[in-house]
Amino acid sequence: MNIINKKFNSWTVLSFSRKDKFCQPYYLCQCDCGRIKEVNGYQLISGKSQCCRGCACKKKFSTHSKSNSRLFRIWQNMKQRCYNKNHPKYSIYGKRGISICKEWLSDFSSFYDWSIQNDYQDSLTLDRIDTNGNYNPDNCRWATTETQANNKRNNHLIQYQGNTFTVAEFCRKYNQKYSTISRRTRH
C-alpha cells in the first residue's frame, strides 16, 4: 500500500524511511505546524500518532475522552482492515481496494458524529450497503447482525415469485429447512 503524500490527521507522509528490527515500517512525515519527524506506520494509520505534539499541536489534538468506547474500537478496526497488511481481514478489505473516506480516516469525531446522527446503538454493527464500496457516510449504516449477514458477497441468492432472497431469508419466510434449501441451491 502506497501512503506517500497521504494525510493522516496532521501528518503528511513525505517518504518511506526504514523498517525496524521487527519489520515495522517508519515514514518521514511533516506535521501541519511544519515539523518533520519519523513516524511508525502503524501509529500513523491507526491514528495513535496524530501530530508532532509541539506546542501548537497539543491544543489542536486534545483527547476526545472516547478512546475506550465501542465506537472508537469500531473506527480503529475499520482502519486496520483497510490499511494494515498484517490484519487478518486485510485480504477481504484493503487488498480488494476498500478504503475509508478522508473525513473518517483522519478524524474520529467526524465518524462519531455521523454514527450518533445515524441511530448508532451498541447492539448494531457497521455495515457497508454496497459490499464492494468504500466506508463513507453514503454507503454505511448501523445494522443488526441479521441484516449484515444478508448483505454478504458470498450469499447464495434465490429468485422466487419475482423476489430475490438469501437462502436464510427464503427459509424464514417460507418455513423451510436451511440444510435442504442450501443443498438444492448448490446443485
For the residue pair [X] and [Y], what are the closest heavy atoms and their distance?
X      : Y      : result
Cys140 : Arg128 : SG-CG, 4.0 Å
Asn9   : Ser49  : ND2-O, 4.1 Å
Ile98  : Thr131 : CD1-O, 4.1 Å
Lys19  : Pro25  : CG-CA, 4.2 Å
Gln121 : Arg70  : O-NH1, 3.6 Å

Inset, instruction - Kindly determine whether Asn86 and Tyr42 satisfy side-chain contact (heavy atoms from CB on, under 4.5 Å), including the steps that lead there. - result: CA-CA 10 Å; Asn86 296 322; Tyr42 168 76; over 6 Å; no
What about [X] and [Y], same hydrophobic cluster or not, with Ile/Leu/Val/Met/Phe/Trp/Tyr joined at side-chain heavy-atom distances under 4.5 Å?
X      : Y      : result
Tyr26  : Ile4   : no
Phe111 : Leu124 : yes
Ile100 : Ile92  : yes
Phe8   : Tyr112 : yes
Leu44  : Phe16  : yes

Inset, instruction - With the side chain counted from C-beta on, respond yes when Leu105 and Tyr83 share a heavy-atom pair under 4.5 Å apart, and no when they do not. - result: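 Of all side-chain heavy-atom pairs linking Tyr83 with Leu105, at least one is under 4.5 Å.
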Inset, instruction - Answer whether the closest heavy-atom distance between the side chains of Thr125 and Trp142 falls below 4.5 Å. - result: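 A side-chain contact is absent here, since even the closest heavy-atom pair is not under 4.5 Å.
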Inset, instruction - Check the pair Cys51 / Asp32 against side-chain contact (heavy atoms from CB on, under 4.5 Å), numbers first and verdict last. - result: CA-CA 8 Å; Cys51 67; Asp32 285 348; over 6 Å; no
Short side-chain to backbone donor-acceptor contact, [X] and [Y], under 3.5 Å:
X      : Y      : answer
Asn77  : Arg73  : yes
Lys79  : Ile45  : yes
Trp104 : Trp75  : no
Arg81  : Lys89  : no
Asn134 : Asn136 : no

Inset, instruction - Look up atom CZ in Arg35 and atom SG in Cys52, then write down how far apart they are to the nearest 0.5 Å. - result: 5.0 Å
Legend entry - CZ on Arg18 to SG on Cys23, rounded to 0.5 Å: 12.0 Å
Inset, instruction - Take Lys7 and Lys102, measure what side-chain contact (heavy atoms from CB on, under 4.5 Å) needs, and give me the verdict at the end. - result: CA-CA 9 Å; Lys7 192 160 174 67; Lys102 202 189 291 189; over 6 Å; no
Legend entry - Residue from Lys37, Lys6, Gln30 passing side chain to side chain contact (heavy atoms under 4.5 Å, CB included) with Trp11: Lys37
Inset, instruction - Quick one: sort the Tyr93 and Tyr135 rings into parallel, tilted or perpendicular, breaks at 30° and 60°. - result: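 Rings of Tyr93 and Tyr135: parallel, as their planes differ by under 30°.
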